[in-house]
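What follows is a short report on a single structure.
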Amino acid sequence: MHRFSYQKCKNIMNMTKNLVIVESPAKAKTIEGFLGKEYTVRSSFGHVADLNSKKLSVDVENDFEPQYEVSPDKKKLVAELKKMAKAAETVWLASDEDREGEAISWHLFKVLKLTVEQSKRIVFHEITKTAILHAIENPRSIDENLVSAQQARRVLDRLVGYELSPLLWRKVKPSLSAGRVQSVAVRLIVDREEEIKNFTTTSAFRTQAEFQLINGENPQTFTAEYSERFKTFEEAKAFIEKQVGAAFTVNSVEKKPAKKSPAPPFTTSTLQQEASRKMGYSVANTMRIAQKLYESGRITYMRTDSVNLSKLALSSAKNEIEKLYGEEYVKIRRFATKSKGAQEAHEAIRPTYMNNSSIDGAPEEQRLYDLIWKRTIASQMSDAQLERTKVLISSTLAPKDFVASGEVIKFDGFLKVYMEGTDDENGEQSSGILPPVSKDDLLDLLEMRSTERFSKHPPRYTEASLVRKMEELGIGRPSTYAPTISTIQKREYVVKETREGEKRKIQNIVLKNGAIEEKELIENTGSEKAKLFPTDIGVLVNRFLMQYFDDILDYNFTANVEKEFDEIADGKKEWNHIIKEFYGPFHKKVEETQEGSGKFSGERLLGVDPKSGKNVFVKIGRYGSIAQIGDTDSEEKPRFAGLRKNQGLETISLEEALKLFDFPRHLGEFEEKEVSVAIGRFGPYIKHNNLFFSLKKDYSPASVTLDEAILIIGEKREADKKKVIRIYEEDEEVQVLNGRYGAYLVIKKQNYKIPKDVEPANLSLEDCYAISKDPKNMPKKKFARKKK
DNA sequence: CAGTGAGCGAGCTTCCGCTTGACTT
């Protein structure tokens, strides 16, 4: 339809009639396959323009005008796209159909210097040929209102983050951060810990009996629980004693049909939860593996809040289920999203090809794929049909009934493939199959026991359950769940820890063969696996923000501003009016807090040091929690000591704090140099001749002796000798050493890589100097660390 | 990785949301 000149053909690589720009390169590749030769598809790799990260970049005096620039890592890309756009007849802006996607198209329009005539905006929710062709036939223009809504979101987050963070640097500690999303995530964890602290454990006695049919042909036994729980051991004991010699009869049998339905296909959040529950993956790990599956074309896009499946996916799921399990297992369903603020620009996470029930590749990729395949397939399968049975059993010597419940699967349906995991840690077993019993059947009592059961505090969050809560509150987006979880850990507001539990005694009374026995059982309680705990600094920052900015920390803050963003998108409100309403009071509060309040160190007076008569405090210092003897403004300099890893500001006692000052402890002399033991940031260590030797677990810093210290020094010297591959007499500052990652070169305490093609042991001194001069062997630059 | 912590007051830190690579001292 259009004839190319010879001139144009020469430049065919850069020359295309139609340039389509999408957000993701993997998507670009797929779509290019759907479109003809006259289309070139490229990716913007997400946003191309943003506010400068060094400055506020919002003109608060001038209607909050944002100052955008091309992101530093996108300069090259933008230049390239610009060139291609200039040569193209039409540029199709095909970023996602959500607030951020609209803004990406708008930024592309601006930075590529496009015209309305030359460009078209298209959208699609699924990557299928039909959807793409349909989109091309129905272009629209950029939705300015939606762009404004994104702008409001961006500016609000910048103002909150870049005004609150510096306030924290001044009032609490440098380099801290606060934001609309991360600060609420921290609050959730701090609040939960508070709930746990205030939780009072109670216990009750649950009584269970094991029965068997008398004279029945079925020897199967089953368990029933007495309908009442006893508050005390005495009550439980009295009850059990009374049951000696009682007769037991089936009082009633009730059967009810029930059904179970499959869970919807995966979104980012539910995938993270299931991978955590079933495989123990961290959210970052899950996303890393999912990204690989996406890039290799195995699954659809992994950052999505939609539970929707394309028609194509539904019909191929149907085929697959029919083929594998039969027609009666098929039930095509459309799920509706429940989460707040979902924008549904993509499909749910599903296999690209439903007929691939398994894939090759790394084991972790296979496992995650298997999970996704099963979940997707199961979501289109029939309900499981169950029969629930409730049997009431009466005792001639008890006022109430025993209850046995059972569940039988009549038709497995989706359960054939997949069962959603649970966060329930109580591990209550689901009731199994009951033997066939009928009313008035007589039962033999085999055993009865009443066991003490303790109530459980609300569970601490895992990474994945925190994501679920955030999604529920509408805080954060699929693309930010994993990064946010990592930020609050990097800032040391929270730590992910596995803690050993404690042993607890539980009382137990057993009636068997007419005899009663009292037993004390031991159970493990309070153990936690990969749970999120708040740190001192997390608690302190949360308290600071709650005191001065409780409106932003409100669990509904995001949900409320989202409503306003929606009104902007609908053209009902101006974006900068919304920002102005917020910023006025907010900024005033920032200034008041800046000037009004002093340092917020969480200082707590523990008491008086009996030795010196001075006050003992704990507080947050530059590097974490510290104890202090003596007042800060006193003549004499106060003494400091860091708290141990397992000690907290809130919980440490005066005695424990004073013990911290027992270090450094002088042990004596060795080789005419002093030997001392102390405790640093990374645990206890021996210091000798300005060298440090970490103290292994088998020694305690409080009791280690000079002789033991000398032994440790000797061992370390031996180990260091083995580390040395080569030293040079001519220049003692040059060493070739053996490290964790193989041989490396050290010159004047500076490390260098050794090129792979040389044998480290054969390096001459000149070789070493040459290596050190080559810039490609330079160590990677670390974040500029403060020098003292 | 480094074994401190206030103070001198340079210059640094920071948000959320969209996308991948480039790194493996």
Side-chain angles (χ1 to χ4, degrees), chain A residues 22-27 43-51 53-58 71 73-74 77 95-96 98-101 103-104 107 150 153-169 173-183 291 294-295 301 303 345 475-481 483-484 487 491 558 599 601 619-628 632-633 637-643 663-664 678-687 690-694 739-742 744 746 750-753 778-788:
Chain A
V22 295
E23 289 183 38
S24 143
K27 202 171 172 179
S43 150
S44 75
F45 293 80
H47 276 292
V48 290
D50 193 13
L51 307 173
S53 71
K54 302 278 173 208
K55 298 182 287 192
L56 186 65
S57 302
V58 174
S71 313
D73 55 333
K74 297 288 166 58
L77 173 78
S95 48
D96 299 343
D98 56 19
R99 212 160 56 201
E100 298 299 324
I104 289 173
H107 282 138
Q150 190 274 346
R153 199 279 306 155
R154 182 68 190 93
V155 168
L156 175 81
D157 284 338
R158 172 51 69 94
L159 291 172
V160 169
Y162 273 43
E163 294 217 354
L164 285 188
S165 301
L167 196 58
L168 290 177
W169 306 342
K173 210 178 101 152
S175 304
L176 294 176
S177 64
R180 174 178 59 83
V181 171
Q182 59 169 283
S183 296
Q291 175 88 32
Y294 170 64
E295 281 170 11
Y301 196 55
R303 289 187 276 261
I475 297 165
R477 304 276 311 131
S479 67
T480 61
Y481 294 139
T484 303
T487 298
R491 298 270 177 277
T558 290
K599 270 255 177 193
S601 69
K619 65 178 189 185
I620 296 273
R622 219 169 181 351
Y623 299 97
S625 307
I626 52 172
Q628 172 181 347
T632 306
D633 49 9
K637 196 171 121 173
R639 293 170 64 205
F640 297 96
L643 262 59
F663 299 99
I679 295 169
R681 204 145 61 100
F682 307 98
Y685 62 93
I686 305 273
K687 194 175 173 186
N690 276 328
L691 292 172
F692 300 91
F693 306 86
S694 26
R740 246 193 320 156
Y741 306 100
Y744 66 103
V746 187
Q750 180 77 263
N751 295 349
Y752 301 92
K753 272 190 286 195
M778 282 298 281
K780 226 188 109 191
K781 263 185 202 135
K782 286 264 170 201
F783 249 64
R785 200 177 268 269
K786 220 180 88 100
K787 292 243 167 80
K788 14 173 201 177

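Sequence lines set the chain letters: A, B, ... in the order given, protein chains first and strands last, and positions in each chain run from 1. Note that this is a predicted model, so its numbers are computed, not measured.
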- [ ] Go through B:dC18, B:dC16, B:dA6 for me and flag the one nearest to the A:F640 side chain.
- [x] B:dA6
Task: Touch class at under 4.0 angstrom, heavy-atom based, for A:G179 against every strand present - done: sugar-phosphate
Open item on the list: Just to be sure I understand the rule, does A:P638 reach a base, reach only the sugar-phosphate, or reach nothing, if contact means heavy atoms closer than 4.0 Å?
Closed with: nothing
Open item on the list: For a quick check of understanding: with a heavy-atom distance under 4.0 Å over all strands, which category does A:G642 fall into, base, sugar-phosphate or nothing?
Closed with: base
TODO: Figure out the CG/P separation between A:L176 and B:dC15, and round it to whole Å.
DONE: 10 Å
Task: Set of salt bridge (charged side-chain N to carboxylate O under 4.0 Å, His left out) partners for A:R99, sequence neighbours left out - done: A:E562
Open item on the list: What's the gap between B:dG5 and B:dT25 when it is taken at their P atoms, as a whole Å value?
Closed with: 30 Å
Task: Atom-pair distance (NE2 on A:H47; P on B:dC15), nearest Å - done: 16 Å
Task: Spatial distance of atom CG (A:L164) from atom CG (A:L176) [nearest 0.5 Å] - done: 12.0 Å
- [ ] Look at A:K54 and B:dT13 and indicate whether a side-chain polar atom (N or O) is within less than 4.0 Å of OP1 or OP2.
- [x] yes
TODO: Examine B:dT20: is either OP1 or OP2 under 4.0 Å from a nitrogen or oxygen in the side chain of A:S24? Give yes or no.
DONE: yes
Open item on the list: I'd like to know if A:S177 reaches the base of B:dT14 with its side chain such that a donor and an acceptor end up less than 3.5 angstrom apart.
Closed with: no
- [ ] Starting at atom CG of A:D98, determine the distance to atom C1' of B:dT19, rounded to an integer number of angstrom.
- [x] 13 Å
Open item on the list: Mind checking if A:T480 touches a base, just sugar-phosphate, or nothing, with heavy atoms under 4.0 Å?
Closed with: base
Open item on the list: Looking at B:dC18, I'd like to know if its phosphate oxygens (OP1 or OP2) sit under 4.0 Å from a side-chain N or O belonging to A:S479.
Closed with: yes
- [ ] Name the nucleic acid region contacted by A:Y481, choosing base, sugar-phosphate or nothing; use a 4.0 angstrom heavy-atom cut-off, strictly under.
- [x] nothing
Task: Separation of B:dT20 C1' from A:R303 CZ (nearest whole Å) - done: 8 Å
Task: Out of B:dT19, B:dC18, B:dC15, whichever nucleotide has its closest atom nearest the side chain of A:Y301 - done: B:dT19
Open item on the list: Measuring only the P atom in each nucleotide, how far is B:dT24 from B:dC1? A whole number of Å is fine.
Closed with: 15 Å
TODO: Considering just the side-chain nitrogens and oxygens of A:Q628, establish if one lies under 4.0 Å of OP1 or OP2 belonging to B:dG5.
DONE: no
Task: Those residues that, when tested against A:T487, pass side chain to side chain contact (heavy atoms under 4.5 Å, CB included) (two or more places apart) - done: A:Q182, A:R491
Task: Phosphate OP1/OP2 of B:dC16: any A:R158 side-chain N/O under 4.0 Å - done: no
Task: Selection from B:dC18, B:dC16, B:dT19 that lies nearest to any side-chain heavy atom of A:R477 - done: B:dC18
Open item on the list: Output the rounded distance in Å from NZ (A:K74) to C1' (B:dT20).
Closed with: 8 Å
Task: A:R154/A:D50 ion pair, N-O < 4.0 Å - done: yes
- [ ] Compare the minimum distances between each of B:dG3, B:dC16, B:dT14 and the side chain of A:P166, then state the nucleotide with the smallest one.
- [x] B:dT14
Open item on the list: Taking atom types as they are modelled, would you say the side chain of A:R154 forms a donor-acceptor pair with the base of B:dC15 within the 3.5 Å cutoff?
Closed with: yes
- [ ] Looking at every strand, decide which applies to A:S53 at a 4.0 Å heavy-atom threshold: base, sugar-phosphate, or nothing.
- [x] base
Open item on the list: Base, sugar-phosphate or nothing for A:E163? Non-hydrogen atoms, less than 4.0 Å.
Closed with: nothing
Task: Taking every non-hydrogen atom, the tightest pair across A:Y481 and A:I475 - done: CE2-O, 3.7 Å
- [ ] Note every stem involving DNA chain B: at least three consecutive Watson-Crick or G-U wobble pairs, i with j then i+1 with j-1, with both distances under 3.5 Å.
- [x] none
Open item on the list: Please classify the nucleic acid contact of A:R639 as base, sugar-phosphate, or nothing, using heavy-atom distances under 4.0 Å.
Closed with: nothing
Task: salt bridge (charged side-chain N to carboxylate O under 4.0 Å, His left out) partners of A:E23, counting only residues at least two apart - done: none
TODO: Quick one: pull up CD1 in A:I620 and NZ in A:K599 and give me the separation to the nearest 0.5 Å.
DONE: 11.0 Å
Task: Under-4.0 Å salt bridge between A:D96 and A:K27 - done: yes
Open item on the list: Should A:Y162 be counted as stacked on B:dC15, where stacking needs a ring-centre gap under 5.5 Å and an angle between planes under 30 degrees?
Closed with: no
Open item on the list: From CG of A:L168 over to C1' of B:dC12, roughly how many Å is that when rounded to an integer?
Closed with: 16 Å
Open item on the list: Classify A:D96 by what it touches in the nucleic acid, base, sugar-phosphate, or nothing, heavy-atom distance under 4.0 Å.
Closed with: sugar-phosphate
TODO: Identify which nucleotide among B:dT19, B:dT20, B:dT13 has an atom closest to any side-chain atom of A:Y294, counting heavy atoms from C-beta outward.
DONE: B:dT20
- [ ] With heavy atoms under 4.0 Å as the rule, sort A:L164 into base, sugar-phosphate or nothing.
- [x] nothing
Open item on the list: Should the side chain of A:R153 and the base of B:dC16 be counted as holding a donor-acceptor pair, with the cut-off at 3.5 Å?
Closed with: yes
TODO: Pick base, sugar-phosphate or nothing for A:Q182, based on heavy-atom distances below 4.0 Å to the nucleic acid.
DONE: sugar-phosphate
TODO: Tell me what A:A26 touches on the nucleic acid: a base, only sugar-phosphate, or nothing, going by heavy atoms under 4.0 Å.
DONE: nothing
Task: From B:dG5, B:dC16, B:dT20, nucleotide with atom closest to A:I626 side chain - done: B:dG5
- [ ] Could you work out which one of B:dT20, B:dT14, B:dG17 sits closest to the side chain of A:W169?
- [x] B:dT14
TODO: Report the distance from atom CD1 of A:I620 to atom P of B:dA6, rounded to the nearest whole Å.
DONE: 13 Å
TODO: Could you pick out which residue, A:P478 or A:L159, lies toward the 5' side of DNA chain B when each is mapped onto its nearest nucleotide?
DONE: A:L159
- [ ] Using a 4.0 Å heavy-atom cut-off across all strands, classify A:V160 as base, sugar-phosphate, or nothing.
- [x] nothing
TODO: On DNA chain B, check which nucleotide each of A:S183 and A:P25 is closest to and give me the residue with the more 5' one.
DONE: A:S183
Task: Minimum-distance nucleotide (side-chain atoms of A:F45 versus B:dT20, B:dT13, B:dG3) - done: B:dT20
TODO: Write down the atom of A:P166, the atom of A:G161, and the distance for their closest heavy-atom approach.
DONE: CD-O, 4.2 Å
TODO: Return the set of residues passing side chain to side chain donor-acceptor pair (under 3.5 Å) with A:H107 (not counting sequence neighbours), or none when no residue passes.
DONE: none
Open item on the list: Rounded to whole Å, how long is the line connecting atom CD of A:Q291 with atom P of B:dA22?
Closed with: 13 Å
Task: OG on A:S24 to CD on A:Q291, rounded to 0.5 Å - done: 8.0 Å
Open item on the list: Mind checking if A:S71 touches a base, just sugar-phosphate, or nothing, with heavy atoms under 4.0 Å?
Closed with: nothing
Task: Among B:dT13, B:dG3, B:dG17, the nucleotide that comes nearest once only the side chain of A:Y685 is considered - done: B:dG3
TODO: Using the C1' atom as the reference point in each nucleotide, state the distance between B:dT13 and B:dG9 in Å, no decimals.
DONE: 16 Å
TODO: List in chain and number order the residues that pass side chain to side chain contact (heavy atoms under 4.5 Å, CB included) with A:K54, two or more places apart in sequence or in another chain; answer none if no residue qualifies.
DONE: A:N52
